[in-house]
Each structure stands twice: as structure tokens, then as C-alpha cells.
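Sharing a structure, written as C-alpha cells. Questions coming.
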Amino acid sequence: MPATPTTWSPSLKFLHWSLFVIIAAAVVCVVAAGGYERGDPVKGQLMFFHKSFGLTALALMIAWVATRLNTGRPQPVGQSWQLRLASTVHWAMVVLVLALPLAGLLMSQFAQQSVSFFGLFSIPVWLDEDKAAAKAIHTVHAGFAGPILVGLVVLHTVGALWHHFIDRDGTLARMLPGKDR
Ligand code: HEM
Ligand code: HEM
């Protein structure tokens with residue numbers, strides 16, 4: 001384990017805020033896609049971007065985990081219940097951001113749909129069709145895991161703003177880009 005640093009490393013800050021932007025984009029696309037009928041080309045375009053941003057989130061999260069395990073994090077600030085809650089929410093978000101894209105890919109495999117990454121390359125279908133499995137994964141991905149991640153991000157954001165405006169303890173400030181605090 002690395003020694004406890006006093007600040008977030010610039011790469012962890014960069015990966016954290018990139019993950020936020022990319023995950024928000026993936027969610028906005030899929031929610032907007034819900035407003036179009038099946039077969040509508042606009043829905044297809046929005047899902048193309050949902051999947052591409054989702055795969056980007058997977059790559060960024062793998063990089064985040066590798067960096068985090070190598071560089072550690074500054075001492076968390078707050079009461080013990082806050083630290084326990086924050087840590088549970090953090091690791092649940094990490095697991096979901098790894099699991100959601102993998103589930104999305106598996107769902108596409110069973111539905112016999114290749115997945116394009118921003119039109120640069122495609123992940124081909126290599127598994128046999130299994131409509132029941134695709135439907136079950138869809139239920140877990142779109143009905144539970146996706147909405148749970150969105151809820152955790154909201155809770156996490158409320159926590160960050162609580163630290164900033166109520167506890168006034170510098171937790172949000174030290175995650176912001178710029179000079180190390
Ligand atoms: C971090 C990455 C991802 C997140 C946070 C995420 C989140 C979500 C959410 C919240 C929904 C439900 C939307 C709604 O019903 O309004 C959804 C649906 C879906 N996602 Fe993802 N997803 C991610 C990655 C992926 C990937 C990589 C793929 C495919 C390769 C994928 C394929 C789908 C599909 C096919 C649906 C169903 C859309 C529909 O019912 O019309 N997702 N996703
Ligand atoms: C998809 C969106 C987000 C994800 C997946 C995410 C994920 C994470 C994770 C996993 C950590 C824990 C780091 C660790 O323990 O090593 C963290 C820390 C943090 N996040 Fe987020 N985050 C997101 C959005 C946000 C937003 C919108 C804000 C602020 C408004 C925010 C503020 C913070 C702060 C201040 C910390 C540092 C906490 C500390 O120093 O104890 N995050 N985030």
C-alpha cells in the first residue's frame with residue numbers, strides 16, 4: 001500500500017471529473033433515447049452515444065482503480081458515520097461503473113448486436129443468440145443497476161456539497177483542479 005498522500009494526485013482528479021462528465025453524458029443520452037419510438041433513427045444515434053460513452057467510462061474506471069491502488073488517497077475528513085457512508089457509496093459506484101458497461105456488452109452479445117465505439121471500431125458478436133438472457137440483463141442494467149448508480153451519484157454530490165457548505169471542511173476544494181490544497 002502507498003503511504004497516505006496529503007492531496008489528491010492530479011491524475012486521480014482528472015480521472016474523477018472525466019468520469020463524472022462521461023457518465024453524465026451516457027445517462028443523458030439514454031434518458032433522451034427513451035423519448036423516441038423503437039426504430040426511430042434519432043433513438044439509434046442516442047443509443048450509439050450511450051454505448052460509446054459507457055465503454056469510455058469502463059476504460060476510465062479501470063485507469064482510476066489502477067491509479068488509486070498505486071497512489072492512495074488523502075485522509076478522509078468527517079465524523080465516523082460520514083466516513084463509513086462515503087466509503088460504501090464510493091466503492092458501490094466503482095463496482096457499478098465497472099459492471100454496467102460489461103452487462104451492456106453482454107446484453108448486446110445475447111441480442112446479436114455489435115457495439116460501435118464512436119464509429120472508430122466495433123466489438124463483434126461472438127456469443128449465440130439468447131433472447132431470455134438479453135431480456136434479464138436488460139432488466140438488471142436498465143431497471144436496477146443504472147438507476148441505483150444515478151441515485152448514488154446524487155447522494156455523493158449532496159455529500160460533497162454538505163462538506164462544502166455545512167461542514168466547510170475543504171473536502172470539495174481539494175478535489176478541484178488547480179493548485180494542491
Ligand atoms: C457506465 C456506463 C453505463 C451507464 C451508467 C448506463 C446506464 C443506463 C441506464 C440508467 C439505463 C436505463 C435508461 C432508462 O430506462 O431511462 C440504460 C439502458 C441501456 N443501456 Fe446502459 N449504461 C452504461 C453502459 C452501457 C453500455 C456499454 C451499453 C452497451 C454496450 C449499454 C446499453 C444499454 C441498453 C441497450 C439500454 C436499454 C435502453 C432501452 O431500454 O431502450 N449501456 N443504461
Ligand atoms: C458519476 C459521477 C461520480 C463518480 C462515479 C464519483 C466517484 C467518486 C469516488 C469513487 C470517489 C472516492 C475516491 C476514493 O475514496 O478514493 C470520489 C471522491 C470525491 N468526489 Fe466524486 N464522483 C462523481 C461525481 C462527483 C460530483 C458531481 C462531485 C461534487 C459535486 C464529487 C465530489 C467528490 C469529492 C469532493 C470527492 C473527495 C472526497 C474526499 O476527499 O473524501 N464527485 N468520487
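Everything numeric in this text was worked out from a predicted model, so none of it was measured. First listed ligand is number 1; within each ligand, the first listed atom is number 1.
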Are Leu172 and His163 packed together at the side-chain level, in the sense that at least one heavy-atom pair is separated by less than 4.5 angstrom? no
Which bit of Trp91 is near ligand 2, meaning a heavy atom under 4.0 Å away: side chain, backbone, both or neither?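 It is neither; nothing of Trp91 touches ligand 2.
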So is Met47 touching ligand 1 or not, going by heavy atoms under 4.0 Å? yes
Pull out every atom of ligand 2 sitting under 4.0 Å from any heavy atom of Ile23, numbered as shown with elements.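 Those of ligand 2 that fall under 4.0 Å from Ile23 are 1 (C).
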Gln113 side chain near Lys51 side chain, heavy-atom distance below 4.5 Å: yes
Ignoring hydrogens and geometry, is there a side-chain-to-backbone donor-acceptor pair from Gln109 to Trp126 under 3.5 Å? yes
Option nearest atom 25 (C) of ligand 2 (shortest heavy-atom distance, choices Gln75, His156, Met93): His156
If we ignore hydrogens and angles and just use 3.5 Å, is the side chain of Trp17 paired with the main-chain N or O of Met175 as donor and acceptor? yes
For atom 3 (C) of ligand 1, grab the closest protein heavy atom and report residue, atom and distance to one decimal in Å.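 Among all protein heavy atoms, the one nearest atom 3 (C) of ligand 1 is Leu100 CB, 4.0 Å.
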Of all the atoms in ligand 2, which lie at a distance below 4.0 Å from a heavy atom belonging to Ala160?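 Near Ala160, the atoms of ligand 2 are 29 (C), 32 (C).
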Quick one: nearest non-hydrogen protein atom to atom 11 (C) of ligand 2, plus distance? His90 CD2, 3.6 Å
Which of the atoms in ligand 2, numbered in the order shown and given with their element, are less than 4.0 Å from a heavy-atom of Leu172?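 It comes down to these atoms of ligand 2: 29 (C), 35 (C).
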Protein heavy atom at shortest distance from atom 40 (O) of ligand 2: Arg174 NH2, 2.9 Å
Which one holds for Ala142 and ligand 1: side chain close, backbone close, both close, or neither close, with close meaning a heavy atom under 4.0 Å? both
Atom indices of ligand 1 within 4.0 angstrom of Gly146 heavy atoms, with elements: 10 (C)
Identity and distance of the protein heavy atom lying nearest atom 27 (C) of ligand 1: Pro101 CA, 3.6 Å
Mind telling me whether Phe49 and Phe118 have parallel, tilted or perpendicular rings, with 30° and 60° as the class edges? tilted
Any side-chain heavy-atom pair of Leu55 and Ile123 under 4.5 Å: yes
Is Leu58 reachable from Ile148 through a run of I, L, V, M, F, W or Y residues, each pair having side-chain heavy atoms under 4.5 Å apart? yes
Tell me, please: is Val30 in heavy-atom contact with ligand 1, that is, under 4.0 Å? yes
Is there a donor-acceptor pair under 3.5 Å between the side chain of Lys43 and the backbone N or O of Ala33?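 Judged by distance alone, yes, a pair lies under 3.5 Å.
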Are the side chains of His156 and His90 in touch, meaning some heavy atoms are under 4.5 Å apart?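 Yes, their side chains come closer than 4.5 Å.
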Main chain of Pro5, side chain of Gln75: is a donor-acceptor contact present, judged purely on distance under 3.5 Å? no
Thr171 to ligand 2: N or O pair under 3.5 Å?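 No, no N or O pair falls under 3.5 Å.
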Quick note on ligand 2: atoms under 4.0 Å from a heavy atom of Val94 include exactly 10 (C)
Could you tell me which atoms of ligand 2, counted from 1 in the order shown, lie closer than 4.0 angstrom to a heavy atom of Val153? 1 (C), 2 (C)
Quick one: look up the protein heavy atom nearest atom 43 (N) of ligand 1 and list residue, atom name and how far away it is.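 Going by distance alone, atom 43 (N) of ligand 1 is nearest to His141 NE2, 2.8 Å.
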So which protein heavy atom does atom 34 (C) of ligand 2 come closest to, and at what separation?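 Result for atom 34 (C) of ligand 2: Met175 CG, 3.8 Å.
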Taking C-beta and beyond as the side chain, do Leu19 and Met61 meet within less than 4.5 Å on heavy atoms? yes
Is it true that a side-chain atom of Thr171 and a backbone atom of Ala160 form a donor plus acceptor pair closer than 3.5 Å?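 Flag not set: sc Thr171 to bb Ala160 has no pair under 3.5 Å.
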Can you measure from NE2 (His16) to CH2 (Trp64) and round to the nearest 0.5 angstrom?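 Reported to 0.5 Å precision, the distance equals 8.5 Å.
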Please work out, at 4.0 Å between heavy atoms, whether the side chain, the backbone, both, or neither of Leu149 comes within that distance of ligand 1. side chain
With a 4.5 Å limit on heavy-atom distance, are the side chains of Ile23 and Leu149 in contact?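 Side-chain contact under 4.5 Å: yes.
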Checking a contact table here: which protein heavy atom is nearest atom 29 (C) of ligand 1, and how many Å away? Lys51 CG, 3.3 Å
Are Val27 and Phe53 packed together at the side-chain level, in the sense that at least one heavy-atom pair is separated by less than 4.5 angstrom?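 A side-chain contact is absent here, since even the closest heavy-atom pair is not under 4.5 Å.
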Just to confirm my output: which protein heavy-atom neighbour is closest to atom 39 (C) of ligand 2, and how far is it? Arg73 NH2, 3.2 Å
Any atom of ligand 2 sitting under 4.0 Å from a heavy atom of His164?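 No; His164 lies far enough from ligand 2 that no heavy-atom distance drops under 4.0 Å.
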Report the C-alpha distance between Met93 and Val153 in whole Å, list the side-chain angles of each, state the deciding distance to 0.1 Å, and finish with yes or no for side chain to side chain contact (heavy atoms under 4.5 Å, CB included). CA-CA 8 Å; Met93 289 192 297; Val153 170; 3.9 Å; yes
So, is His50 polar-close to ligand 1, with some N/O to N/O distance under 3.5 Å?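 Yes, since at least one N or O of His50 sits under 3.5 Å from an N or O of ligand 1.
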With nothing but distance in play, are any N or O atoms of Thr157 less than 3.5 Å from an N or O of ligand 2?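 Such a contact does not occur with ligand 2.
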Short check: is a protein heavy atom less than 4.0 Å from atom 14 (C) of ligand 1?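 Within 4.0 Å of atom 14 (C) of ligand 1, no protein heavy atoms are found.
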Atom indices of ligand 1 within 4.0 angstrom of Val115 heavy atoms, with elements: 30 (C)
Is His138 in polar range of ligand 1, meaning some N or O pair under 3.5 Å apart? yes
Checking the N or O distance criterion of under 3.5 Å, is ligand 2 in contact with Trp17? no
Is there a path of hydrophobic side-chain contacts, each under 4.5 Å between heavy atoms, that joins Leu46 and Val30? no
If I apply the N/O under 3.5 Å rule, does Arg68 come out as touching ligand 2?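 The answer is yes, given that Arg68 and ligand 2 share an N or O pair closer than 3.5 Å.
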